[in-house]
Amino acid sequence: MIERWFPERHVFLRTNGEIKGHVLTSGRQMMMAGAGIAVAAWTLVASGSFIFDLAARSRADEEIVRARAASERLNADLQARLETAVVRMSATTGGLDEMASMVERRHAALTGVMTMFRGVDGAEAVLAPGLPCPPPRPVRSSASSLCAWTRSG
């Protein structure tokens, strides 16, 4: 079968009136075919990996651009809310009804901001309202006065 695919071939080259003959044996032809197949396989693998890398980078770049745009929109929205709140705080005239309305608006704005952090690890613990600290108790120098103070207070 090898002899059928790679029969012995004779190549004649003529240069300046001089003829030279070369013999391509089956072994040499198989080596040249193997080298050609190896080069073709390497070219296909390199081209395929280049195209795959190009597509993967394109998707990753698009995802980064999308995430950056979303964070910039969120940042701009929060900045606009902050500026609006600052303007409202500085525009008060001191009336009780106006102050109550402003507290209600602030409460609504804070509720809206806090809902954005729902589901974020650790956010609920950090944003939970804390209990006020009790006032410190005075320290007495003697044990009898300390016991009398704790019974009365």
Side-chain angles (χ1 to χ4, degrees), residues 1-139 153:
M1 182 153 170
I2 293 175
E3 290 295 326
R4 200 173 97 204
W5 283 4
F6 302 107
E8 187 176 281
R9 300 184 192 272
H10 296 274
V11 178
F12 297 100
L13 298 174
R14 183 174 172 182
T15 308
N16 297 330
E18 189 176 323
I19 298 175
K20 291 183 181 179
H22 298 282
V23 177
L24 292 176
T25 62
S26 298
R28 281 187 180 172
Q29 290 179 41
M30 287 183 355
M31 281 184 11
M32 289 176 14
I37 289 172
V39 168
W42 177 80
T43 302
L44 287 174
V45 168
S47 298
S49 65
F50 175 74
I51 290 171
F52 178 76
D53 186 46
L54 203 66
R57 272 195 200 156
S58 176
R59 276 189 239 127
D61 289 346
E62 288 173 4
E63 193 173 317
I64 289 170
V65 166
R66 224 178 282 125
R68 184 175 290 155
S71 67
E72 286 175 358
R73 282 192 303 269
L74 181 63
N75 190 19
D77 184 45
L78 290 175
Q79 187 67 31
R81 288 182 185 185
L82 175 66
E83 290 173 3
T84 303
V86 168
V87 167
R88 286 181 182 167
M89 284 182 0
S90 62
T92 60
T93 58
L96 189 59
D97 290 337
E98 187 176 335
M99 188 169 80
S101 172
M102 182 179 63
V103 168
E104 288 174 357
R105 285 193 310 257
R106 285 183 187 174
H107 178 72
L110 283 174
T111 303
V113 169
M114 291 189 59
T115 57
M116 285 190 271
F117 292 104
R118 191 166 290 162
V120 175
D121 291 338
E124 289 186 28
V126 172
L127 297 174
L131 297 174
C133 296
R137 293 186 173 188
V139 178

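Keep in mind that the numbers below use all heavy atoms, side chains included, and drop hydrogens, waters and symmetry copies.
With values rounded to the nearest 0.5 angstrom, Leu24 atom CG is found 13.5 Å from Met30 atom CE. To the nearest 0.5 angstrom, Arg9 atom CZ is 9.0 Å from Ser26 atom OG.
Using a 4.5 Å heavy-atom cutoff, the side chains of Glu8 and Val23 are in contact. At a threshold of 4.5 Å between non-hydrogen side-chain atoms, the residues Leu13 and Ile19 do not count as touching. Using a 4.5 Å heavy-atom cutoff, the side chains of Thr84 and Arg81 are not in contact. Residues His22 and His10 fail the side-chain proximity criterion, which asks for heavy atoms closer than 4.5 Å.
A side-chain donor-acceptor contact under 3.5 Å links Gln29 to the backbone of Pro7. A donor-acceptor pair under 3.5 Å is absent between the side-chain atoms of Ser47 and the main chain of Leu44, judged by distance alone.
Here Arg57 does not pair with Asp61 in a salt bridge; the nearest charged N to carboxylate O distance is not below 4.0 Å. We find that Arg73 and Asp77 are not joined by a salt bridge, their nearest charged nitrogen and carboxylate oxygen being 4.0 Å or further apart.
Nearest approach of Gly21 to Phe12, heavy atoms of both residues: CA-CD2, 3.8 Å.
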